[in-house]
2 protein chains.
Amino acid sequence: MTQVTTHGPHERATAPVMADVARLAGVSHQTVSRVLNLHPNVAPQTRERVEIAIAQLGYRRNTAARALATRSTCTLGVISVETSQYGPSSTLFAIEGAARAGGYFINLVSLRQVDRRHMREAVDHLMGAGVEGLVAISPLRSAVEALRGLSIDVPLVEVEATDLAAETGVVVDQHAGARAATRHLLALGHQTVVHVAGPDGWLEAQARMRGWQSALLDAGREVRDVLAGDWTARSGYAAGRELAGPVARGEVSAIFVANDQMALGLLRALAEAGLGAPDDVSVVGFDDIPEAAFYPPPLTTLRQDFGEVGRRCIELLMARIEGRPAVARPAIRPQLLVRASTGPPAGAPRPGGASGATPGP
Amino acid sequence: MTQVTTHGPHERATAPVMADVARLAGVSHQTVSRVLNLHPNVAPQTRERVEIAIAQLGYRRNTAARALATRSTCTLGVISVETSQYGPSSTLFAIEGAARAGGYFINLVSLRQVDRRHMREAVDHLMGAGVEGLVAISPLRSAVEALRGLSIDVPLVEVEATDLAAETGVVVDQHAGARAATRHLLALGHQTVVHVAGPDGWLEAQARMRGWQSALLDAGREVRDVLAGDWTARSGYAAGRELAGPVARGEVSAIFVANDQMALGLLRALAEAGLGAPDDVSVVGFDDIPEAAFYPPPLTTLRQDFGEVGRRCIELLMARIEGRPAVARPAIRPQLLVRASTGPPAGAPRPGGASGATPGP
DNA sequence: CCTCATCCTGTGAACGCTCACACGACCGTC
DNA sequence: GACGGTCGTGTGAGCGTTCACAGGATGAGG
């Protein structure tokens, strides 16, 4: 069936193509293309005629044809772990915004399980879509390793892969953040700091633990065993139950918890044991999730600038795609926010006025 | 420059195309296409030869060319509000998973601000990408309205647009959830229930408020003014401060808060005033975020099945794209989870041995 | 042995765009 | 007036796939 090619606004079965615009404007398809691509050598008058024709027909350039001809899809793939964790999802949105601002489309894959097979599938899916670059939000060691095994023939930027990808990714200096948290607690007068860590496979968890360790060692303080959690409030609660005894006996006066959710659970368990922060124990979290300021008590924590993470990510990826040299940037440092959950140890003189109300019985 | 066309695994400048596979397998490009598209009429032996050639060359079908020829991009657009709220981000991941399982790619746009201009841009961006269908995670009235104004020539499914899109979207019965929450509190013996609502523009907030209202009216109870929040723990905290007085004076004994984060802030404010749940007041939240079980005290709340929301979304969208009649499904009902934050009013006989209450019969 | 249907395969033309190139008009310069 | 350069425009050939159609085998039935 041949195409209907009437002028004027007309309901048509098929979407208008460049040739239709050209015919309506009385120019060649190439001139239309030039207008669309902002080529300088088009007479203003011609340009206007074409633009009117485009508007009149509601013409929209066919991306597939364009991609086929130019061999570029203007699409980036993002692989994210499927978690409603505050960090990854904030990062995802920041990445999307930055990519769109840079004229790229975002093709998303989320991974419920992070193993080699699922990672392979995800990468295949995205390569199949013809992405020109890949962002992996891969805070898990397993994700990084799964990625290592794969032969990926487009630029790849890893987010939060810490030291494993200092060269190829965007990192937040978790180590420095953890040091800051620990030093804050020591500066308040605590003898040492206990750590409730994130799950084993998470690189951030590891970096935070190391930072805590190094700060203690630098200060010549005792490094006790860590309690392992899994980011959930539930695991923080379990840790809190374990620590309630030592806290009550005065053996533990300061706790650095690897994220805010676990800190919530921990505070809950301590409260059930009749222990409150900062009177009986000081607690520092990590992330500054929006609720952290409303914990019982408001939580001292470390804020990460996820927006900046996303922007750097895309900047780096675009540079690599276009073959530009990537500007090396210092790692992003988390910022310590001191709230009500930390204070001097019980024996020390206290400034006073802290609310620290322990809810419940 | 003409293409190098050696056989065997060879590093080549350009990715192999169908013709290369055909040549290596000694068949025509069309036969390769048939193998790829699982056409039945291919001799098993030929199929195998082609498959070996594909594997050997690492051939990958060019999506752009395929899209151009078939006029289908296998891509869905998702517009999401940019929020790290538990609900929307869980829904997003669920949608992605369901779409990928159905063989579709997901093109994501997130909206920092939801107004007509940004919505228009988002839709344009996605239409430009050639999406075949659109999912809008649009829990905001403004989003729904912005969408209404736009002429979108692909199927659209709205998530969480409640009554405004009962026909065209996937909805969770917020109204029923709110009624369940309210009835639960009344059943415990509370005279009436106060409501801390979500922000004005959010449809879920409105539906939850109406549900609360209708349950009270059905029971012939007093409907007081609502306190408006904005989903954040901060606003819940503010509401808590306002309610502390009435609670202390025994004027308020039960509060239904429109989401869990606000409930957290509210509990915090009450705790600061020396008031605890469930002894002094009962509190119900909404969403069942993972932390809700670890609130002080563990929160009675309503769980929404976001995974189901995502799956229905894609099911509906695919049906519409393929012109199949969509199966009408009843709205998804949230499930009441009774935890420790709710109990009988202070005056009533109490089952448990909580603080200084008169033991029940 | 011929016919017809069925299976398998190949040929050429779209699909809608961009790229490389060619061409005429116009300007200034010698 | 001839010449080279720039500007504006048009022509035709791809990009890599699928679709429509045309064949050449092969087997069953007359």
Side-chain angles (χ1 to χ4, degrees), chain A residues 1-3 5 12-51 53-54 57-75 127-130 132, chain B residues 1-3 5 12-51 53-54 57-75 127-130 132:
Chain A
M1 195 183 100
T2 120
Q3 269 190 354
T5 53
R12 48 187 307 150
T14 165
V17 298
M18 204 174 258
D20 299 326
V21 176
R23 206 170 300 121
L24 180 55
V27 296
S28 75
H29 64 116
Q30 177 58 14
T31 298
V32 177
S33 173
R34 275 192 269 259
V35 170
L36 252 29
N37 293 322
L38 306 175
H39 191 95
N41 291 353
V42 178
Q45 186 196 350
T46 311
R47 180 181 304 275
E48 196 188 348
R49 274 217 316 283
V50 171
E51 277 164 354
I54 288 174
L57 292 174
Y59 169 74
R60 189 162 249 153
R61 184 160 50 179
N62 180 319
T63 331
R66 181 178 157 82
L68 182 57
T70 59
R71 295 144 160 242
S72 87
T73 56
C74 287
T75 299
M127 295 303 292
E132 293 173 41
Chain B
M1 198 181 94
T2 117
Q3 268 190 356
T5 53
R12 46 189 308 149
T14 164
V17 298
M18 203 174 259
D20 300 325
V21 176
R23 208 171 299 121
L24 180 55
V27 297
S28 75
H29 65 117
Q30 177 58 13
T31 299
V32 177
S33 173
R34 274 192 271 258
V35 169
L36 252 29
N37 294 322
L38 306 175
H39 191 96
N41 292 353
V42 178
Q45 186 196 350
T46 311
R47 179 182 302 276
E48 197 187 348
R49 273 217 317 282
V50 171
E51 277 165 353
I54 288 174
L57 293 174
Y59 168 73
R60 188 163 250 151
R61 184 159 49 180
N62 181 317
T63 332
R66 182 177 156 82
L68 181 58
T70 59
R71 298 149 157 236
S72 87
T73 55
C74 287
T75 299
M127 296 303 292
E132 291 174 41

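No experiment lies behind these values; they were computed from the predicted model shown. Each chain gets a letter, A, B and so on, in the order its sequence line appears, and its residues count up from 1.
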Taking 4.0 Å as the cut-off, does a side-chain nitrogen or oxygen of [X] come that near to OP1 or OP2 on [N]?
X     : N      : answer
A:N62 : C:dC15 : no
A:R71 : D:dC15 : no
A:T31 : D:dG10 : yes
A:S33 : C:dC17 : no

Is there side-chain contact between [X] and [Y], with at least one heavy-atom pair below 4.5 Å?
X     : Y     : value
B:N41 : B:R34 : no
B:N62 : A:L68 : yes
B:I54 : B:L36 : yes

- For B:T46, report the nucleic acid contact type (base, sugar-phosphate, nothing); a contact means any heavy atom under 4.0 Å. sugar-phosphate
- Looking at every strand, decide which applies to A:N41 at a 4.0 Å heavy-atom threshold: base, sugar-phosphate, or nothing. base
With the side chain of [X] defined as its heavy atoms from C-beta on, choose the nearest nucleotide among [options].
X     : options               : answer
A:T70 : C:dC19, C:dC17, D:dT9 : C:dC19
A:L68 : C:dT9, C:dT18, D:dG16 : D:dG16
A:H29 : C:dT9, D:dA13, D:dT17 : D:dA13
A:Q30 : D:dT17, D:dT11, D:dG8 : D:dT11

Could you tell me how far apart [X] ([atom1]) and [N] ([atom2]) are, to the nearest whole angstrom?
X     : N      : atom1 : atom2 : value
B:Q45 : C:dT9  : CD    : C1'   : 13 Å
A:R49 : D:dT9  : CZ    : C1'   : 11 Å
B:N37 : D:dA20 : CG    : C1'   : 15 Å
B:L57 : D:dG16 : CG    : P     : 14 Å
B:D20 : D:dC15 : CG    : C1'   : 13 Å

- Item | Spatial distance of atom CG (B:L38) from atom CZ (B:R47) [nearest 0.5 Å] | 6.5 Å
- Item | Rounded distance (nearest 0.5 Å) linking atom CZ of A:R61 with atom OG of A:S33 | 7.0 Å
- Item | Pair of N/O donor and acceptor under 3.5 Å linking D:dG10 base with A:R34 side chain | yes
- Which residue lies toward the 5' end of DNA chain D, A:H39 or B:R66, if each is placed at its nearest nucleotide? A:H39
